[in-house]
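Everything on this sheet refers to the single structure shown next.
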Amino acid sequence: YLFTIYIAITSLKNIKIKMKVTGYVKLSENRVYSCHNEPVMTCLEIDNNHFITGGFDRLLGKIDNSKDDIDAFTYEKRYHNGIIYQFLRINSEKFASCSQDGTVCINNTSTFKHDTTLKKEGVLFRCIELIDPSSIAAGGSDNIITVFDMNAKKIKYELKGHQSYLLALFYNGKDLFSSANDFTLKQWSLSDKTILLSVDLTSLVRTFCEVDSKTFATGDEKGDIIIWNTGDKVEKKKEIKGHQGTCHVITKLRKKNVWVSGGKDKSIIFWDLRKGSEVGRATDIHFDRIKTIGEFGTNQLITTSFDTLIKVWDISY
């Protein structure tokens with residue numbers, strides 16, 4: 001089995017994608033992993049050498065990027081009983097994941113030992129967000145945001161107001177923001193569990209990312225990046241044309257004032273969202289849509305895709 005995977009990796013490395021790189025942020029391929037046989041939905045850095053992946057095949061992939069390809073990955077089988085949609089770091093010792101099986105699992109970061117399972121019957125959880133050290137919000141197919149108490153291992157409260165299933169969540173330290181398939185973006189007060197604002201959308205928001213304490217960005221199904229003010233009233237500050245098709249992920253890089261987005265067009269775009277300008281682009285870096293981007297080690301990225309591949313990239317500024 002491992003030999004088969006090794007041959008697959010070797011073959012994939014010999015397939016040259018016609019990648020084009022523009023702008024001052026540069027990207028070059030470092031490594032390719034073919035650990036999963038179905039779309040890979042999420043990844044999370046553990047430390048400078050290790051990261052984890054998950055997706056349609058329900059396997060937790062553990063990858064040691066310092067080892068040779070054949071020894072680099074292992075699995076935690078049957079990690080969930082459904083598609084793994086998102087990983088989320090809770091603290092240095094624990095991470096969470098949400099799944100089609102209606103569970104949020106909490107595991108130890110270093111040993112991967114299972115700690116807690118938070119469950120809601122009859123629900124698919126597509127997105128999760130940390131509210132405080134003991135509270136985690138999960139967006140469900142029941143149109144409800146369920147906030148769990150991780151210590152008590154039970155539902156703490158629910159936020160009801162969306163008319164269709166949840167797509168993404170974002171907490172800015174004060175209020176919770178959510179998007180759903182009902183074409184709305186909502187701002188929630190967690191102190192009194194009410195909707196502060198509901199914004200009608202022309203395109204579904206698939207991802208959130210903080211820009212600064214008063215600003216956040218969203219990526220939508222048109223591929224646009226929208227920057228929002230969060231003062232007395234949430235409102236659009238700027239709308240930027242980005243991807244050709246859905247923008248699935250935006251994330252901020254640690255070392256520079258640079259953000260990166262990925263999407264259906266198999267490309268990633270580097271941004272200075274303070275100025276609302278593009279600073280780099282790499283096109284056709286996968287064979288199918290890019291689902292997540294994770295920062296990894298020093299000046300490296302991880303990308304996961306519907307093409308089942310996980311790629312490690314070197315970036316330079």
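When a residue number appears, it is its place in the shown sequence, counting from 1. Owing to the predicted nature of the structure, the values given are computational and were not obtained by experimental measurement.
With no hydrogens or angles considered, a side-chain donor-acceptor pair links T304 and T292 at under 3.5 Å. Side-chain polar atoms of N299 and Y317 form no donor-acceptor pair below 3.5 angstrom. Counting only N and O atoms by type, the side chains of H162 and T184 include a donor and acceptor under 3.5 Å apart. For the 3.5 Å distance criterion, the side chains of S198 and K186 qualify, holding a donor opposite an acceptor. Using modelled atom types, one finds a donor on one side chain and an acceptor on the other under 3.5 Å when comparing S134 with D132. Counted by atom type alone, K237 and T215 present zero donor-acceptor pairs between their side chains at under 3.5 Å.
The aromatic ring centroids of F306 and F56 lie less than 6.0 Å from each other.
Contact record, L59 with H36: O-CE1, 3.5 Å, taken as the closest heavy-atom pair. Contact record, I227 with G276: CD1-CA, 4.2 Å, taken as the closest heavy-atom pair. Closest heavy-atom contact between L130 and L88: N-CD2, 3.5 Å. Closest of all the heavy-atom pairs between V40 and K291 is O-CB, 3.7 Å. Smallest separation of non-hydrogen atoms from I84 and S97: CG2-CB, 4.4 Å. The two residues N257 and K252 come nearest to each other via the heavy atoms OD1-NZ, 4.1 Å.
How far CG of N229 is from CD of E235: 5.5 Å, rounded to the nearest 0.5 Å. In this structure, CD1 in I52 is found 4.0 Å from CZ in F87, a value given to the nearest 0.5 Å. Distance check, rounded to the nearest 0.5 Å: OG of S179 to CG of L201 gives 7.5 Å. Summarising the geometry, atom CD belonging to E45 is positioned 11.5 Å from atom NE2 belonging to H50; distances are rounded to the nearest 0.5 Å. Atom CD of E129 and atom SG of C98 lie 11.0 Å apart (nearest 0.5 Å). Within the model, atoms CH2 of W271 and OG of S277 stand 8.5 Å from one another, a figure rounded to the nearest 0.5 Å.
Remark: the backbone N or O of M150 is not paired with any side-chain donor or acceptor of K153 at under 3.5 angstrom. Not a single donor-acceptor pair under 3.5 Å links the side chain of T308 to the backbone N or O of P39. In terms of modelled atom types and a separation under 3.5 Å, the side chain of E221 and the main chain of L204 share no donor-acceptor contact. Remark: the backbone N or O of K94 is paired with a side-chain donor or acceptor of T109 at under 3.5 angstrom. With hydrogens and angles ignored, the 3.5 Å screen pairs no side-chain donor or acceptor of K264 with any backbone N or O of H243. A donor-acceptor pair is defined here as one N or O able to donate and one able to accept, closer than 3.5 Å; no such pair exists between the side chain of S203 and the backbone of D220. Between the side chain of Q187 and the backbone N or O of L197 there is no donor-acceptor pair closer than 3.5 Å. Side-chain atoms of T103 never come within 3.5 Å of backbone atoms of C105 as a donor-acceptor pair (strictly under, hydrogens ignored). The backbone N or O of K156 lies less than 3.5 Å from no partner atom in the side chain of D149, so there is not a single donor-acceptor pair. Between the side chain of T283 and the backbone N or O of S267 there is no donor-acceptor pair closer than 3.5 Å.
Hydrophobic clustering (ILVMFWY, side-chain heavy atoms < 4.5 Å, transitive): V279 and I240 are in distinct clusters. Cluster annotation: I131 and I106 are assigned to distinct hydrophobic clusters (Ile/Leu/Val/Met/Phe/Trp/Tyr, side-chain heavy-atom contacts under 4.5 Å, transitive). V258 and I285 fall within the same hydrophobic cluster, defined by Ile, Leu, Val, Met, Phe, Trp and Tyr side-chain heavy atoms under 4.5 Å apart, directly or through other members. If you chain together hydrophobic residues whose side chains sit under 4.5 Å apart, Y171 and Y157 fall into the same group. Put simply, F148 and V123 are part of the same group of oily side chains (I, L, V, M, F, W, Y) that touch within less than 4.5 Å, one to the next.
Between K311 and E29, at least one side-chain N (NZ, or NE/NH1/NH2) sits under 4.0 Å from a carboxylate O, which counts as a salt bridge. Using a 4.0 Å cut-off between a side-chain N of Lys or Arg and a carboxylate O of Asp or Glu, K120 and D142 qualify as a salt bridge. A salt bridge links D224 and K241; the closest N-O separation between the charged side-chain nitrogens and carboxylate oxygens is under 4.0 Å. The pair K214-D212 fails the salt-bridge criterion, with no side-chain N (NZ, NE, NH1 or NH2) lying under 4.0 Å from an Asp/Glu carboxylate O.
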* To do: Give the C-alpha distance, both sets of side-chain angles, the deciding distance and a yes or no for side chain to side chain contact (heavy atoms under 4.5 Å, CB included) between L196 and V234.
  => CA-CA 10 Å; L196 296 174; V234 174; over 6 Å; no
* **Stepwise side chain to side chain contact (heavy atoms under 4.5 Å, CB included) check, T194 with W188** => CA-CA 6 Å; T194 59; W188 303 82; over 6 Å; no
* Asked: Could you walk me through whether K222 and T202 pass the side chain to side chain contact (heavy atoms under 4.5 Å, CB included) check?
  -> CA-CA 9 Å; K222 292 189 299 183; T202 58; 3.9 Å; yes
* Take W228 and K236, measure what side chain to side chain contact (heavy atoms under 4.5 Å, CB included) needs, and give me the verdict at the end. => CA-CA 5 Å; W228 303 78; K236 289 184 182 180; 3.7 Å; yes
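Annotation: Q244, atom CD; neighbour count of heavy atoms from other residues, nucleotides and ligands within 6.0 Å does not exceed 12. Annotation for K20: atom NZ does not count as buried by contact number, only 12 or fewer foreign heavy atoms lying within 6.0 Å. Residue E93 places its CD atom among 12 or fewer non-hydrogen atoms of other residues, nucleotides or ligands, all under 6.0 Å distant.
Side-chain atoms of H114 and N107, non-hydrogen and from C-beta on, do get closer than 4.5 Å to each other. Residues R89 and L44 form a side-chain contact, since some pair of their non-hydrogen atoms from C-beta on lies under 4.5 Å apart. At a threshold of 4.5 Å between non-hydrogen side-chain atoms, the residues I315 and L253 count as touching. Within the 4.5 Å cutoff, the side chain of L309 has no heavy atoms near those of the Y33 side chain. Two residues are said to be in side-chain contact when any heavy atoms from C-beta on lie closer than 4.5 Å; I225 and S261 meet this criterion. Looking only at side-chain heavy atoms (C-beta outward), P133 and N91 stay at 4.5 Å or farther from each other. Residues L60 and F112 meet the side-chain proximity criterion, which asks for heavy atoms closer than 4.5 Å.
The aromatic rings of F208 and F177 sit tilted relative to each other, their planes meeting at an angle between 30° and 60°.
Of the residues listed (L273, I250, V260), the one engaging C209 in a side chain to side chain contact (heavy atoms under 4.5 Å, CB included) is I250, and it is the only one.
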